[in-house]
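Okay, structure first, notes after.
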Amino acid sequence: MQRALSIFFALGITLAPLAVQSANQPGWIQTQNPQIEEVLRLLKQARQQTQQQQPEQAIETFQQLLGIAQQLQDRKLQAIALLGIGFNYSYIGQPQEALKYYNQALPICREISDRSGEAIALNNIGSIYSYIGQPQEALKYYNQALPIRRKISDRYGEATTLNNIGSVYSDIKQPQEALKYYNQALPIRRKISDRSGEATTLNNIGLVYSDIGQPQEALKYYNQALPIRRKISDRYGEAITLNNIGGIHRNTGQPQKALEFFNKALTLHQEIGERFEEATTLSNIGGIYRDLGQIVKATKKFEESVKITLATRGGLTRINRPDFLKAQRGTSIALIDILIRQNQIDSAYEWANLITTADLIDYIRLINAKVKNPDAQKAIDEWNQQNQQLKSLRQQLQEKFSEKLSHQMREQEAKVYQIGEEISHDFPEVAELFENTPTDIAKLRASIPTGTTVIHPVLLANVKNVSNTIALFVLTKDKLTVTTVPIKPAEYDNLLTETLKNLNNRFDDDYLDNLAKLYDLIIRPVEIQIHATNPKQLSFIATDQLRYIPFEALYDSKTDQYLIQKYSVSYLTRISPNSLQVAKKTNPQLPKRVLAVGNPKPKSTLALSGAETEVKSIINIFPESEALIRDKATLESFKTQAPRFSLLHLATHGCFQPRGCPRLGLEKNTLVFADQTLEIKDAALLGLENVDLITLSACQTGFKADSQGQEISGLAYLFERAGAKAVIASLWSVEDKSTQKIMVDFYANIKRGLSKAEALRQAKLSRTKSHPWYWSPFVLIGDPR
């Protein structure tokens with residue numbers, strides 16, 4: 001659905017008369033204001049930055065405006081700046097930040113009786129709630145905006161809000177309600193000659209009819225939208241509608257006609273440089289070829305689509321980022337599935353591993369993670385700057401096509417690609433940021449330690465014409481196999497949800513049933529392959545919601561054993577020759593000793609009463625270890641001391657839940673120290689090159705129904721990039737006493753000379769008669785040796 005956030009009034013209607021009136025009492029700006037020229041300059045600059053898709057720069061400019069407005073106590077200028085900041089935060093995919101600023105703007109607009117601004121704030125708040133999956137909240141705000149826009153005769157805004165309401169109803173599967181609102185918006189847009197809006201609403205109506213199984217009715221509306229989009233030279237919209245028409249022909253059994261429209265859409269997307277939609281269209285074409293049995297052509301189109309997605313996802317800052325990545329995930333699944341069907345197992349796994357790595361890269365880009373090497377960081381910053389210019393050119397092409405602009409865009413695209421290639425060559429430690437082609441399987445297998453067997457489950461489900469299965473890849477240094485296991489997606493999702501509920505409730509006595517079902521699904525089908533490798537170590541690469549599952553707690557009902565009772569279990573973020581090369585550069589001669597941080601906030605909700613005992617017990621195990629407790633546990637002290645230690649133990653709260661930890665008052669992706677919190681995006685600046693292991697014994701992760709566990713693997717990946725060979729983190733919070741006992745035993749086992757993975761295993765084994773809640777959440781991610 002095409003849903004619209006209103007462009008705030010400062011960037012449209014109001015700015016033009018202000019620019020003309022200049023200092024001659026320009027509207028609401030006070031004549032005695034000595035900064036009027038500066039205000040006008042900043043307003044113009046903010047509008048240009050927003051229109052040219054430079055959201056970070058626009059936010060900075062609006063912040064300057066906000067400071068001036070607050071200094072002058074100019075309430076309207078404050079509202080304009082707040083709405084502008086909110087809009088740009090929504091654009092870069094930070095909805096909570098956007099909401100914060102919109103909610104500050106709303107009461108100001110009401111206070112100064114600015115009904116237009118109030119309606120804009122309400123509409124945009126509604127759009128944010130729709131974006132974050134709270135449709136009822138979205139409707140509440142849209143329904144407040146709608147009567148205001150009607151009251152002030154804002155016909156354009158009225159049609160926009162009606163369209164947005166229709167989009168919400170479409171999202172929540174109430175098509176008749178959606179049509180009701182679209183059909184109210186449509187005549188308004190026609191009456192005010194809003195041709196672009198008319199085409200958007202026609203296209204949206206077509207989507208509804210398509211969803212409810214009325215393809216001919218959908219086609220009728222698409223065929224009305226298409227000539228309008230051509231008439232107004234909306235090449236982007238034209239391509240979208242061509243794609244939709246192609247989809248109708250595909251679904252009604254007309255593949256050749258579908259190909260005709262998909263190929264027309266593809267040409268347009270390529271001309272205007274709309275790479276994201278180009279990837280989608282290539283995927284659609286691949287689907288047609290697969291359905292026609294032309295497997296080689298299908299594979300080629302799927303690969304082209306995935307390559308574009310991987311090459312461009314680093315530049316994704318649009319508000320539809322989640323929808324885009326979700327759609328492109330289907331192409332990745334289709335590609336892996338079709339390769340497995342052709343028995344091209346090596347290629348299938350190469351793509352599976354690359355896509356897993358891309359998820360990690362996406363996570364660290366979203367949190368704007370830094371790298372240690374200042375030259376590499378400077379190069380990455382230059383790439384980002386050039387990529388912003390590329391996005392601006394693409395936006396201009398979407399708005400008004402020209403051959404000259406298209407040529408400039410292609411030149412800039414080549415420049416961005418070249419810079420990425422140079423960074424990959426000059427700084428191998430960050431090469432994964434720019435990789436969009438798979439690494440050869442021989443190199444991948446070579447990075448697996450001798451005696452380690454890697455199991456990588458990949459969910460291939462919820463995609464049209466893909467068999468719903470889990471592909472269980474089993475790898476050693478010498479061999480790769482894959483076994484596909486049929487699933488019913490709804491039952492699979494329910495099994496994961498129920499298993500996690502069992503594991504997170506220590507009073508639940510029925511936890512073994514679901515753990516046994518998961519064992520039968522993930523381990524039983526490849527038991528023979530695992531046994532044949534005679535592994536000393538099982539290492540899992542978990543993806544999607546499987547990241548929340550402690551695999552060592554999977555239960556074999558035939559032998560009455562947990563998996564941990566059979567094998568030493570650890571986790572990997574992905575398989576990477578790069579990580580092995582980085583590991584070789586670390587100093588293996590650093591003596592084993594611990595720097596332990598404990599209970600840095602003893603007099604607050606963040607107090608950890610058992611952490612001090614835990615820390616003191618641990619440092620007694622290794623000579624020359626040190627503890628930073630209470631007010632001595634500052635971030636500065638940790639940064640200073642950490643490079644001298646091979647083992648770092650943090651008995652402090654960390655928040656890695658996707659929406660933060662409100663109960664603890666912590667923002668997401670932070671670690672608590674006595675003086676301040678550490679944002680983990682800065683982990684690379686901690687000096688962890690010689691660290692063999694960093695243990696986070698009180699971190700807060702946690703399963704959410706709408707999340708995929710990226711925070712868990714992303715956390716480990718960040719510390720790995722920072723230099724640490726392995727991370728121990730917890731999948732859920734465990735009481736102090738249980739944590740303390742496991743951690744003390746773990747370090748005692750390390751002192752005895754056991755590997756990290758085996759040391760953790762032995763610390764858990766004596767506790768397996770108790771509920772897994774007590775012992776299974778602590779997972780070792782990274783080098784298990």
Side-chain angles (χ1 to χ4, degrees), residues 499-516 518-519 523 536-540 542 547-571 594 596 598 608-618 620-621 647 649-651 693 695-703 712 726-781 784:
T499 302
L500 286 161
K501 285 181 180 178
N502 295 152
L503 289 170
N504 278 269
N505 180 5
R506 65 186 124 169
F507 305 110
D508 188 333
D509 294 328
D510 297 325
Y511 55 87
L512 286 180
D513 287 346
N514 286 324
L515 289 170
L518 272 180
Y519 185 98
I523 305 299
K536 297 178 182 178
Q537 178 71 42
L538 284 188
S539 290
F540 288 89
R547 293 184 178 110
Y548 293 110
I549 297 289
F551 284 80
E552 52 260 72
L554 300 188
Y555 177 70
D556 184 350
S557 59
K558 293 183 179 179
T559 62
D560 189 27
Q561 286 179 303
Y562 291 111
L563 188 63
I564 196 174
Q565 293 172 300
K566 299 182 178 185
Y567 301 105
S568 179
V569 176
S570 66
Y571 302 82
V594 183
L608 288 165
S609 57
E612 293 182 40
T613 304
E614 176 184 327
V615 163
K616 290 174 182 176
S617 299
I618 289 169
N620 286 334
I621 297 171
L647 303 170
H649 185 89
L650 300 178
L693 172 69
T695 299
L696 308 171
S697 72
C699 63
Q700 303 274 327
T701 58
F703 171 71
I712 300 167
V727 175
I728 288 179
S730 57
L731 298 174
W732 57 81
S733 297
V734 185
E735 64 179 4
D736 279 0
K737 288 184 179 179
S738 296
T739 299
Q740 178 187 331
K741 290 176 182 177
I742 288 178
M743 289 301 155
V744 171
D745 286 355
F746 165 71
Y747 284 104
N749 292 333
I750 291 285
K751 179 69 179 296
R752 288 168 47 207
L754 298 183
S755 69
K756 296 188 288 284
E758 186 61 22
L760 187 58
R761 176 180 182 241
Q762 292 297 330
K764 293 178 177 181
L765 278 176
S766 63
R767 295 167 174 86
T768 53
K769 293 189 182 298
S770 61
H771 192 291
W773 181 86
Y774 291 97
W775 54 267
S776 69
F778 300 103
V779 293
L780 173 71
I781 310 173

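Throughout, numbering of the chain's residues begins at 1 and tracks the sequence. These numbers come from a predicted model, not from an experiment. Heavy atoms only: backbone and side chains are in, while hydrogens, waters and symmetry mates are out.
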Distance-minimising heavy-atom pair for Leu503 and Pro550: CD1-CD, 3.6 Å
Donor-acceptor pair between Asn620 and Ser617 side chains, under 3.5 angstrom: no
For residues Lys764 and Ser776, report the shortest heavy-atom separation together with the two atoms involved. NZ-O, 3.9 Å
Check the orientation of Tyr562 and Trp775. Use parallel for under 30°, tilted for 30 to 60°, and perpendicular for over 60°. perpendicular
Kindly determine whether Ile564 and Leu765 satisfy side chain to side chain contact (heavy atoms under 4.5 Å, CB included), including the steps that lead there. CA-CA 7 Å; Ile564 196 174; Leu765 278 176; 4.2 Å; yes
Do Asp513 and Tyr555 get their side chains close enough for a donor-acceptor pair, meaning under 3.5 Å? no
Quick check on Lys741: does its NZ atom have over 12 non-hydrogen neighbours (other residues, nucleotides or ligands) under 6.0 Å away? no
For Met743 and Thr695 the tightest heavy-atom approach is SD-CG2, 3.8 Å
Are the ring centres of His649 and Tyr747 closer than 6.0 Å? yes
Between Lys566 and Asp556, is the salt bridge (charged side-chain N to carboxylate O under 4.0 Å, His left out) condition met? List the steps. CA-CA 10 Å; Lys566 299 182 178 185; Asp556 184 350; 2.5 Å; yes
Is there a donor-acceptor pair under 3.5 Å between the side chain of Trp732 and the backbone N or O of Trp773? yes
Decide yes or no for Ile728 and Leu696: does some side-chain heavy atom of the first lie under 4.5 Å from some side-chain heavy atom of the second? no
Polar contact flag, side-chain donor to acceptor under 3.5 angstrom, Ser539-Ser570: yes
Using salt bridge (charged side-chain N to carboxylate O under 4.0 Å, His left out), reason through Arg767 and Asp745 one step at a time and then give a plain yes or no. CA-CA 11 Å; Arg767 295 167 174 86; Asp745 286 355; 3.0 Å; yes
If you look at every heavy atom in Val744 and Ile621, which pair is closest and at what distance? O-CD1, 3.6 Å
Nearest heavy-atom approach of Tyr774 to Ser770 is CB-OG, 4.1 Å
Side chains of Glu552 and Tyr571: is there a donor and an acceptor less than 3.5 Å apart? yes
